[in-house]
2 protein chains.
Amino acid sequence: MTDIRDTKKQILDLAESLLLDRGYNGFSYKDIAAALGIKTASIHYHYPRKTDLGVSIIERAIRRFEKWGLSLEHRNLDSSRKLDEFCSLFKSFASRQQVCLGGSLQTDFKTLPEEMQQKSCEFASVLLQWLEVLLRDGRNTGAFRFPGEARDEAVLIISSLQGSIQMDRVTSRSSFRSAVRQITLSVSP
Amino acid sequence: MTDIRDTKKQILDLAESLLLDRGYNGFSYKDIAAALGIKTASIHYHYPRKTDLGVSIIERAIRRFEKWGLSLEHRNLDSSRKLDEFCSLFKSFASRQQVCLGGSLQTDFKTLPEEMQQKSCEFASVLLQWLEVLLRDGRNTGAFRFPGEARDEAVLIISSLQGSIQMDRVTSRSSFRSAVRQITLSVSP
DNA sequence: GTCTATAGCGGGATAGAC
DNA sequence: GTCTATCCCGCTATAGAC
């Protein structure tokens, strides 16, 4: 134990957590080093530039979401239950007073290195596409009822989850639950 | 012209714009100075600490929103039209690829000086309260139709506007329009 | 792989001349 | 009010010993 992969993974985990806490410009290699009891030079060995670290966070998040999607299929859940599970992904951020990855990246977007900007677009695209398909299929089978296009509804749901997690920080943690309640009501047949 | 008030106002205007572009940790006194053709020391004369500048931005935004609310009353608009105007406030950010003030502050929240954190809470509270009242009254008069509590619906609408403006940066500027379309549909009787 | 040491830059902030 | 000059700090990143 504590071999290469462990340290590298610990750095990535902590950097991700700091990114969701404080934004890309709000944490430093020094923060990570202090928390792990190592020196900043060691982090540069694993991730030469902060850009590399940022890109790795997003790439892993995309892979993780795709695996999560597959695991849902294996559990044979109905559409409504899948939407619940999707909301639960965001709930875990809210419980730590963190924002979601998309929200963090998009808010800092103009200050991000270009490699991270590209990955940020890809990340948002993957989530939107997944939810759009879920909503369209679910409406066809009668699991959901909503007006307009499935794409628009997917945007509405993700952006309200994203926004309400942020708002949670300034409203005694009540906003996220409000948004989920209202989302659930608005798509129920 | 170009008296005290002008320079001070120009600094505040530019700082606000930079805040919505790049976040609180993404701009510096140097950025402002360069854009205005002055030196950073001059900015410190008007706003001794960056904290003072940040607080002033939020305080002005609150006053501006309250004036805006009053101006709506004088125009004798119906509830549905008022909601349109509210969405238009966010549209002006989207058109510049900026995020809204609430989204910027809430995402950076944990890195903000305490005085700014308090003002951030106040700002969100003012907007939420205003929209909650509009929705409740509008439902009573038949202008709106939505399930659940007016407070929850207000959270849903503001958080989706906030989130979709952020998402606009990574989705070819299509997200904000999607969200507004869907919000309009979801509350129409 | 991790360390010490350091380079090099940019940040916020202040003193004092004009 | 605005300037020059400067301080001190924290940041990313690199070189080279161990």
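What you see is a predicted model; the values in this text were computed from it and never measured. Any value given below was found using the heavy atoms of this structure, including those in side chains, with hydrogens, waters and symmetry copies removed. Every chain is numbered from 1, with letters handed out A, B, ... down the list of sequences.
The stretch residues 122-135 of chain B participates, sequence neighbours left out, in these salt bridge (Lys or Arg N to Asp or Glu O under 4.0 Å) pairs: B:Lys119-B:Glu122, B:Glu132-B:Arg136, B:Glu132-B:Arg151. Evaluation of the salt bridge (Lys or Arg N to Asp or Glu O under 4.0 Å) test over residues 169-181 of chain B, restricted to residues two or more places apart or in two chains, returns A:Asp152-B:Arg181.
Distance A:Ile43 CD1 to D:dT14 P: 14 Å, rounded to the nearest Å. Atom pair B:Met116:CE and C:dG12:P shows a separation of 12 Å (rounding to whole Å applied). Following rounding to the nearest Å, B:Leu36 (CG) and D:dT2 (C1') show an atom-to-atom distance of 13 Å. Distance CZ (A:Arg49) to C1' (D:dC11): 16 Å, rounded to an integer number of Å. Atom NE2 of B:His46 and atom P of C:dA13 are 16 Å apart (whole Å). For the pair B:Tyr45 OH and C:dT14 P, the computed distance is 15 Å after rounding to whole Å. Remark: P of D:dC11 and CG of A:Leu18 are 12 Å apart, rounded to the nearest angstrom. To the nearest angstrom, P of C:dA13 lies 5 Å from NE2 of B:His44.
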Within the sub-3.5 Å range, which N or O atoms of nucleotides 3-5 of chain D have a protein N or O partner, and how far apart are they?
residue, atom, partner, partner atom, Å
D:dC3, OP2, B:Lys39, N, 2.9
D:dC3, OP2, B:Ser42, OG, 2.6

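Closest approach of B:Ala33 and B:Ile43 over heavy atoms only: N-CD1, 3.6 Å.
Applying the salt bridge (Lys or Arg N to Asp or Glu O under 4.0 Å) rule to B:Asp13 yields the partners B:Lys9, B:Arg60; only residues at least two apart in sequence or on another chain are considered. For A:Phe90, the ring pair (Phe, Tyr, Trp, His ring centres under 6.0 Å) partners two or more places apart in sequence, or in a different chain, are A:Phe86. With sequence neighbours excluded, no residue satisfies salt bridge (Lys or Arg N to Asp or Glu O under 4.0 Å) with B:Glu114. For A:Lys110, the salt bridge (Lys or Arg N to Asp or Glu O under 4.0 Å) partners at least two apart in sequence or on another chain are B:Asp21. In this structure, B:Arg22 has no side-chain hydrogen bond (donor to acceptor under 3.5 Å, both in side chains) partners at least two apart in sequence or on a different chain. The salt bridge (Lys or Arg N to Asp or Glu O under 4.0 Å) search around B:Arg96 returns none, not counting sequence neighbours. Under the ring pair (Phe, Tyr, Trp, His ring centres under 6.0 Å) criterion, B:Phe123 pairs with no residue at all, not counting sequence neighbours.
Within residues 21-33 of chain A, the residues that place at least one heavy atom under 4.0 Å from DNA chain D are, in residue-number order, A:Phe27, A:Ser28, A:Tyr29, A:Lys30. Across residues 105-115 of chain B, not one residue has a non-hydrogen atom less than 4.0 Å from an atom of DNA chain C.
Donor-acceptor pairing under 3.5 Å is lacking for the side chains of A:Ser160 and A:Ser164.
The side chain of B:Thr7 lies closest to D:dT2, out of C:dA13, D:dT2, D:dA13.
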